[in-house]
Amino acid sequence: MPTKIQNTVVYGDPIDQAALKQIHTAAQHERVVHTVLMADHHKGYGVPIGGVVAYREAISPTGVGYDIGCGNMAVKLDLRNTMTREERIQIGRQIQSLISFGVGEKNLQRVWDDRLEGDWWQMPHLKGLRRTAEEQLGTVGGGNHYVDIFEDEDGYVWIGVHFGSRGLGHQIATHFLKEGGAAKGMDAEPLVFEEGHPLFNPYLESMKLAGVYATVGREWACHAIAEQVFAAEILDRVHNHHNYAWLEEHPRFGGEIYVVRKGATPAFDGQRGFIGASMGDDSYIVAGVANDEAAEALYSTVHGAGRVMSRTAARGKYDRRTGRQLQRGQISERAMADWLKERDVLLFGGDLDEAPQAYKRLDEVLVHHQNTIVIKHVLKPLIVLMAGKDVFDPYKD
DNA sequence: ATGTCC
């Protein structure tokens with residue numbers, strides 16, 4: 001059950017005071033009608049990750065964040081898992097050669113989609129971005145972005161992907177934060193565009209482009225892996241953005257409002273979402289329900305497990321120029337390898353800052369939201385692929 | 001999160 005702190009509905013335990021302070025700062029804007037903090041919340045840039053802020057006739061680029069349209073897609077294959085460890089290593093290698101991971105990486109296969117055609121590219125700030133967008137479509141990026149292969153409770157194989165709008169969304173966000181005169185700093189007041197502001201519609205349209213771009217990229221990655229690696233049909237698909245804003249109907253908060261979600265999964269009655277855990281835990285397909293608590297939560301739930309330590313706390317500090325380790329992190333490669341071995345997860349790429357030990361346990365996090373979602377599928381990770389050089393040798397570790 | 005600093 002959530003608690004209510006100064007009109008913000010707050011999920012999770014412990015409550016991160018820095019994140020709470022950030023959403024309270026956001027809530028001070030006169031157009032804000034309601035705020036919610038998910039159980040996987042933590043401090044973000046301006047608005048916390050796991051923060052949901054609803055506005056009357058206004059939208060916030062800070063609330064959507066830099067990775068506009070970041071989200072999750074999971075597809076169920078017409079295939080039951082019979083893979084040996086050796087076969088999983090081969091599958092992992094095939095996916096690595098098909099999908100590009102990491103900042104600035106380009107897709108080896110040039111892909112595009114009619115849904116990305118439109119007047120968008122005539123907007124001055126988008127003209128120069130088309131080439132990058134074309135090169136990066138279908139690539140995964142870095143940080144906590146991944147491609148996972150799962151097995152569900154019936155033995156079916158699922159592909160799950162988590163990434164957003166890559167350089168395109170980042171440059172759109174950067175452009176509007178600058179043009180709108182956003183205050184700088186982690187705890188700065190979020191930038192808000194009210195309807196009628198000259199940047200309101202350009203931002204909304206640009207956000208929508210980044211959203212379509214992210215969707216098409218995730219779709220391509222899922223389809224490419226299903227067809228080119230598994231040669232299997234897709235039986236089911238679950239998809240959503242978790243960094244995005246929608247104009248939605250919420251009767252108890254004044255009807256049509258813009259709901260800005262940063263690291264929060266929309267979960268209206270019956271709406272399914274794919275919630276990814278850390279690399280070493282089960283992920284879930286959930287669905288929203290209709291009740292008072294769900295309405296108060298703006299029909300939103302977690303987007304992941306949530307960090308328990310920062311990247312630097314987990315991995316330590318490096319000298320960026322020489323690559324030399326300056327300070328030890330809290331997680332050792334041995335501890336990470338042991339966790340993955342225990343659960344028989346094969347990891348390709350990845351780093352210590354994405355280790356299971358750096359995250360909460362997703363099953364425990366979901367307990368906080370048990371009144372507003374139901375679990376539809378449990379997805380056990382078989383293969384996890386992330387940016388970076390391989391930390392482990394799958395033949396030995 | 002981000003061709004991680006124009």
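By convention in this document, chain letters (A, B, ...) are assigned in the order of the sequence lines, proteins followed by strands, and residues within each chain are numbered from 1.
For the atom pair W158(A) CH2 and C222(A) SG, the distance stands at 10.5 Å (nearest 0.5 Å).
Look at NZ on K178(A): it is 22 Å from P on dT2(B), rounded to the nearest Å. Between the CG atom of N144(A) and the P atom of dT4(B) there is a distance of 18 Å, given to the nearest Å. If you take CG of D353(A) and P of dA1(B), they are 8 Å apart, rounded to a whole angstrom. H170(A) places its NE2 atom 14 Å from the C1' atom of dC6(B), with the value rounded to the nearest Å. When rounded to the nearest whole Å, the span between CG of D67(A) and C1' of dT2(B) equals 8 Å. For L129(A) and dT2(B), the CG to C1' distance is 13 Å, given to the nearest whole Å. What separates CZ of F176(A) from C1' of dA1(B) is a distance of 18 Å, to the nearest Å. Here dA1(B) presents its C1' atom at 15 Å from OH of Y146(A), a figure rounded to the nearest Å.
Defined by atom type and a distance below 3.5 Å, a donor-acceptor pair is missing between the side-chain atoms of Q271(A) and N240(A).
Applying the salt bridge (charged side-chain N to carboxylate O under 4.0 Å, His left out) criterion to K360(A), with sequence neighbours excluded, gives no partner residue. Residues passing the side chain to side chain donor-acceptor pair (under 3.5 Å) test with D351(A), sequence neighbours excluded: none.
Nucleic acid contact class of T132(A) (heavy atoms, under 4.0 Å, all strands): base. Across all strands, G65(A) comes closer than 4.0 Å to no nucleic acid atom at all (heavy-atom distances). Note on G164(A): nothing from the nucleic acid sits closer than 4.0 angstrom, heavy atoms only. R131(A) comes within contact range of no nucleotide atom at all, as no heavy-atom separation falls under 4.0 Å.
Under a cutoff of 6.0 Å and an axis angle of 45°, R110(A) and W112(A) do not form a cation-pi pair.
Residue R166(A) has a polar side-chain atom (N or O) positioned under 4.0 Å from OP1 or OP2 of dT2(B). The side chain of N243(A) contributes no N or O atom lying less than 4.0 Å from OP1 or OP2 of dA1(B). For Q171(A) and dT2(B), the shortest distance from a side-chain N or O to OP1 or OP2 is not below 4.0 Å.
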